[in-house]
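Okay, structure first, notes after.
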Amino acid sequence: MLTRIKDLATKLAPRLIEIRRHIHSHPELSGQEYQTSAFVSGVLSSSGLHVQEGVGKTGVIGELQGTGKDERLLAIRTDMDALPIVERTCLEFASRSQGIMHACGHDVHTTVGLGTAMVLSQMAEELPGRVRFLFQAAEEIAQGASWMVNDGAMDEVSNILSLHVFPSIPAGSIGVRYGALTAAADDLEIIIIGESGHGARPHEAVDAIWIASQVITTLQQAISRTQNPLRPVVLSIGKIEGGRAPNVIADKVQLLGTVRSLHPETRANLPNWIEKIVANVCNSYGAKYQVNYRQGVPSVQNDYFLTQLLQSSAEEAWGSDRVQVLPEPSLGAEDFSVYLEKAPGSMFRLGVGFRDRILNYPLHHPLFEVDESAIITGVVTMAYTAYKYWHQNC
Ligand code: NI
């Protein structure tokens with residue numbers, strides 16, 4: 001069966017590269033993937049899948065009915081949105097939309113999803129159950145997965161697989177990880193309210209800027225002294241705003257930041273922990289405060305058995321030296337975790353780095369490029385894992 005899947009994928013390779021380049025040239029921002037989703041649904045329909053458009057706003061679902069009586073439904077999820085980045089590569093198929101670029105490889109994800117659907121649709125007689133392909137919008141703003149779930153995309157789904165490109169792994173190889181793959185990402189807003197006054201008479205005012213600097217310093221120090229170092233927490237203040245003039249003491253400062261963590265229990269305690277520190281500092285110096293903590297996406301926690309299935313399928317397909325078991329998670333975020341709240345699943349890293357280049361630019365970089373041979377690695381890995389899903393107990 002592996003040989004058959006590899007043959008089907010190899011035959012499709014020129015078409016898949018054409019598809020990837022088309023999507024790459026026509027990137028669309030989160031929530032505006034109109035052309036991309038129309039294109040995706042066209043390809044899915046012509047491969048004989050049952051297609052539903054407008055799921056999760058601009059998302060698409062394609063469903064493939066197997067020929068057996070297995071009740072299990074396997075979902076395969078990819079994302080379609082691009083980023084507000086000016087592409088600086090000199091590729092002949094570089095972005096034709098000024099200021100928008102597929103710099104996170106979602107063009108490759110969409111292509112791998114389509115390629116897997118094309119391969120599996122040609123061997124539907126080997127599939128005892130259903131496969132549902134989810135092409136979601138708006139991953140970059142961490143909303144698309146929730147939109148899909150709210151529109152019922154995960155109804156009846158037993159398990160879910162996904163992938164993300166990874167430039168530091170060479171094309172031809174993949175990475176799997178057991179347990180935490182990415183971090184929970186929450187938004188933080190702290191407002192400090194002091195009392196305005198003359199810059200020459202600080203003792204008659206409550207200086208919100210100075211207190212804000214104490215809050216930031218105390219939070220960073222407290223992480224290292226009061227959080228378990230084996231359960232990482234990263235708190236970054238990315239925006240600070242306050243004050244009116246050089247000689248006027250500021251009465252209000254707003255701090256905006258992101259809070260990343262891996263362990264659900266650690267995450268659950270963070271809002272109280274932050275509020276207590278802010279309260280202590282502000283109370284000491286007579287300021288009022290507000291802490292608004294908004295939970296974003298949870299951490300992606302890969303299921304053990306599905307990760308094992310991915311690893312063994314990839315090792316059979318490419319040899320064990322081409323499958324890395326990743327030792328560390330990333331503190332980046334991925335809204336794939338929203339699907340995992342509905343069904344166990346696993347996401348793998350697809351190597352897209354050029355073996356002969358010293359420098360492979362990172363994701364979200366204006367010079368980010370992928371070695372397109374990785375598309376076939378992705379399609380075969382995904383299709384063979386889906387096949388094995390039905391043909392081994394897991
Ligand atoms: Ni991405």
Side-chain angles (χ1 to χ4, degrees), residues 20 23-24 26-33 36-37 40 56-60 75-87 89 95 97 99-114 116 133-148 160-169 171 174-177 180-185 258 260 296-302 326 328-340 345-353 360-372 374-375 377-378 381-382:
R20 186 259 159 165
I23 299 172
H24 191 88
H26 302 91
E28 293 174 297
L29 290 175
S30 307
Q32 298 168 34
E33 305 86 342
T36 313
S37 61
V40 163
K57 302 201 177 169
T58 42
V60 182
I76 293 175
R77 169 273 197 178
T78 55
D79 43 14
M80 305 187 289
D81 54 329
L83 286 156
I85 290 176
V86 179
E87 178 159 355
T89 72
S95 170
S97 306
I100 307 178
M101 176 187 178
H102 267 295
C104 198
H106 298 191
D107 51 339
V108 174
H109 303 166
T110 304
T111 309
V112 170
L114 289 173
T116 307
F133 294 88
L134 312 184
F135 293 85
Q136 77 162 77
E139 194 284 327
E140 294 292 354
I141 56 169
Q143 308 246 350
S146 308
W147 296 345
M148 294 293 275
I160 183 161
L161 298 173
S162 191
L163 80 159
H164 203 294
V165 299
F166 211 50
S168 56
I169 297 178
I174 74 152
V176 296
R177 179 159 164 87
L181 179 74
T182 62
T258 181
R260 308 290 170 111
V297 294
S299 160
V300 168
Q301 299 283 335
N302 280 338
L326 301 169
E328 288 172 358
S330 145
L331 289 179
E334 205 353 296
D335 75 1
F336 180 58
S337 54
V338 173
Y339 301 104
L340 296 181
S346 190
M347 167 180 268
F348 68 92
R349 303 275 197 204
L350 177 67
V352 292
N360 280 289
Y361 286 99
L363 299 172
H364 294 208
H365 193 284
L367 291 169
F368 172 69
E369 278 184 51
V370 307
D371 178 337
E372 289 175 321
I375 292 170
T377 313
T381 303
M382 202 57 114

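For the numbers below, each heavy atom of this structure counts, side chains included, while hydrogens, waters and symmetry mates do not. Read the numbers this way: they start at 1 and go in the same order the structure lists the ligands and their atoms.
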Sequence neighbours excluded, the answer for side chain to side chain donor-acceptor pair (under 3.5 Å) partners of Glu87 is His24, Thr89

Side chain Arg177, main chain Ala180, donor-acceptor under 3.5 Å
yes

Can you name the side chain to side chain contact (heavy atoms under 4.5 Å, CB included) partners of Glu139, sequence neighbours left out?
Arg77, Asp79, Asp81, His106, Gln136, Glu334, Asp335

Taking side chain to side chain donor-acceptor pair (under 3.5 Å) as the definition, give me every residue that meets it alongside Thr58, ordered by chain and number, with sequence neighbours left out.
Glu33

Is the shortest heavy-atom distance from the side chain of Val86 to the side chain of Pro366 under 4.5 Å?
no

With 2.8 Å as the limit, jot down which protein N, O or S atoms are around the Ni ion (ligand 1).
Cys104 SG, His106 NE2, His164 NE2

Within a strict 4.5 Å, meaning less than it, do heavy atoms of the Ile76 and Ile160 side chains meet?
no

